[in-house]
**Q** 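Following this message is one structure expressed as structure tokens.
The residues of the chain are indexed from 1 along the displayed sequence. Only this structure's heavy atoms are used, side chains among them; waters, hydrogens and symmetry mates stay out.
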Amino acid sequence: MPLALLALAIGAFGIGTTEFVIMGLLPEVAADFGVTVPTAGLLVTGYALGVVAGAPVMTVLGTKVSRKRMLMLLMGLFIAGNLLSAAAPVFGVMLTGRIVASLAHGAFFGIGSVVAAGLVAPQKRAGAIALMFTGLTVANVVGVPLGTFIGQNAGWRTTFVVVAGLGVLGLLGVARLVPDMPKPEGVRLGHELAAFRNAQVLLAMAMTVLGFGGVFAAVTYVAPMMTEVAGFAGSSVTWLLVLFGLGMVAGNLIGGRFADRALMPMLYVSLGGLTLVLALFTVTAHHKVAAALTLALIGALGFATVPPLQKRVLDHAHGAPTLASAVNIGAFNLGNALAAWLGGLVIAAGLGYTAPNWVGALLAGSALLLAFLSAALQRRDEAREAQEAQEPRPTTPEPVHL
């Protein structure tokens, strides 16, 4: 694998850290600004919505420059957003900083996926994409716990300064290691938008929303589930999330490896396994060891879907993959927001802290059904193309000369 993928992974590590570290620092941020914890939670929601909106907008703007330069500009935006958050005098400025940083998220992963796939042979593209996303998964194992520790002991502002420093490393890595890839000729907005008329692209994005949404339906409420149901101490939640992050790392690498060999079977296995494990979590959540193992499996199976889904979007975007790839990253965050909302509804309805697991199982199961539908439509289209290729073409009769 090219060394340039390391630069992309470093950028992904910084982005993953800033996305999730705020969850462990909400009490400190709320106390500093004199707002409630639910109000501070807008820093999470605002970031997610910024990713959804920013992915297509920043990618469209990026069609005017080379992909390498756009990646550098996005890392610059990420640095500026985190420094603004670190220096924010009031809560509104902090929220603005979070939104500014989020604008880089979707476009960086979207353009980065295209760049990563273009650096290797076709049969290694999913593995290259997975290697870039390893930075995001490792962030949940190392970056988030370390950032939370720094924030709780040296102040949450210090955490965001450190995250901005990670952005500087990512920017320098892209500048030095990523080859200068010129802007594709003839790329127009209409050309990029045409990819969304492809049913396979839309189905892959729907699978992204539902499949990864299934993961976040459970994980969003993992703290009360582990403490109130499984019986863990509150201090144990950090290492439980590390265990979840380790599962994400393993699932991401396995998904990338096997998606290059058999993409759709990999989706069947990961989405089917995720559906089953989420349903079982309603039972295993009542036992400490079983709950911890199940949490790791959810991370592994959930992130095993990421490389194959991202590659499927690239494969079917037919010459205009950049915007579709970035929008698919936004789809992950859309799924996160939707699942967290649905999970909150069932808890508020009095169904208990394990009820979101059933929501997650239903979402993941729906994604599995879409995977079967996608494969069936592809087989139909391939059969039609094969039949048309075999049909004799009408010939023009030879002119008769008298």
Side-chain angles (χ1 to χ4, degrees), residues 52 55-56 59-60 106-107 109-118 120 122-130 132-133 184 187-214 255-272 274-275 302-335 338 363-389:
V52 175
T59 303
V60 168
F109 281 108
I111 297 172
S113 293
V114 176
V115 171
V120 298
Q123 67 272 17
K124 294 183 178 180
R125 286 178 177 172
I129 294 170
M132 180 189 70
F133 273 94
V187 175
R188 300 289 185 272
L189 178 58
H191 188 209
E192 291 281 341
L193 290 173
F196 296 95
R197 292 199 294 266
N198 187 309
Q200 293 293 353
V201 172
L202 296 177
L203 282 170
M205 291 181 178
M207 283 185 269
T208 296
V209 172
L210 296 173
F212 212 71
R257 182 178 183 84
F258 285 96
D260 277 325
R261 301 180 183 180
L263 191 149
M264 291 309 294
M266 184 66 223
L267 277 179
Y268 299 152
V269 171
S270 55
L271 289 173
L274 182 61
T275 302
F303 236 83
T305 67
V306 176
L309 284 172
Q310 195 71 0
K311 183 175 184 292
R312 191 156 180 83
V313 169
L314 293 178
D315 288 345
H316 289 278
H318 296 309
T322 310
L323 181 59
S325 176
V327 171
N328 196 48
I329 299 300
F332 283 105
N333 283 268
L334 180 60
L338 174 65
L363 291 173
S366 299
L368 178 61
L369 293 177
L370 289 183
F372 288 128
L373 174 61
S374 177
L377 291 177
Q378 184 170 340
R379 287 193 298 269
R380 184 201 65 183
D381 292 341
E382 290 172 350
R384 181 184 299 166
E385 291 174 2
Q387 182 179 2
E388 291 175 352

**Q** What are the two closest non-hydrogen atoms of Gly106 and Ala55, and how far apart are they?
**A**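 For Gly106 and Ala55, the tightest heavy-atom pair comes out as CA-CB, 3.9 Å.
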**Q** Looking only at heavy atoms, which two atoms of Ala304 and Ser270 are closest? And how far apart?
**A**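 Taking Ala304 first and Ser270 second, the nearest heavy atoms are CB-CB, 4.0 Å.
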**Q** Quick one: closest heavy-atom pair of Gly211 and Ala367, and the distance?
**A**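 Heavy atoms only, the tightest pair is N-CB, 3.6 Å.
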**Q** Can you tell me how far CG of Leu369 sits from CE of Met207, rounded to the nearest 0.5 angstrom?
**A**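 With rounding to 0.5 Å, CE (Met207) is 11.0 Å from CG (Leu369).
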**Q** Determine whether a donor-acceptor pair (N or O, by modelled atom type, separation under 3.5 Å) exists between the side chain of Ser113 and the backbone of Phe109.
**A**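 Yes; judged by distance alone, with no hydrogens or angles, the pair exists.
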**Q** Just verifying a value: how many Å separate Thr275 OG1 and Leu210 CG, rounded to the nearest 0.5 Å?
**A**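 Rounded to the nearest 0.5 Å, the OG1-CG separation comes out at 10.5 Å.
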**Q** Taking the side chain as every heavy atom from C-beta outward, state whether Leu377 and Leu203 have any pair of such atoms under 4.5 Å apart.
**A** yes
**Q** To the nearest 0.5 Å, what is the distance between CG on Leu363 and CG on Leu271?
**A**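 Going from the CG atom of Leu363 to the CG atom of Leu271 covers 11.5 Å.
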**Q** What distance do Leu267 atom CG and Leu309 atom CG have between them, rounded to the nearest 0.5 Å?
**A**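 It is 5.0 Å, given to the nearest 0.5 Å.
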**Q** Of all the heavy-atom pairs spanning Met264 and Ala375, show the shortest one and how long it is.
**A**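 For Met264 and Ala375, the tightest heavy-atom pair comes out as CE-CB, 4.1 Å.
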**Q** So, for Gly272 and Leu368, which heavy atoms are closest and what is the spacing to 0.1 Å?
**A**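 In terms of heavy atoms, the two residues are closest at CA-CD2, 3.8 Å.
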**Q** Ring centroid separation for Phe303 and Phe212, is it under 6.0 angstrom?
**A** yes
**Q** Taking the side chain as every heavy atom from C-beta outward, state whether Phe332 and Val306 have any atom pair closer than 4.5 Å.
**A**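 Phe332 vs Val306: side chains touch.
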**Q** Test Met205 against Val209 for side-chain contact (heavy atoms from CB on, under 4.5 Å), laying out the working first.
**A** CA-CA 6 Å; Met205 291 181 178; Val209 172; 5.7 Å; no
**Q** Do Ser374 and Arg312 come close enough that some side-chain heavy atom pair is under 4.5 Å?
**A**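 The answer is yes, as the side chains (C-beta and beyond) meet within the 4.5 Å cut-off.
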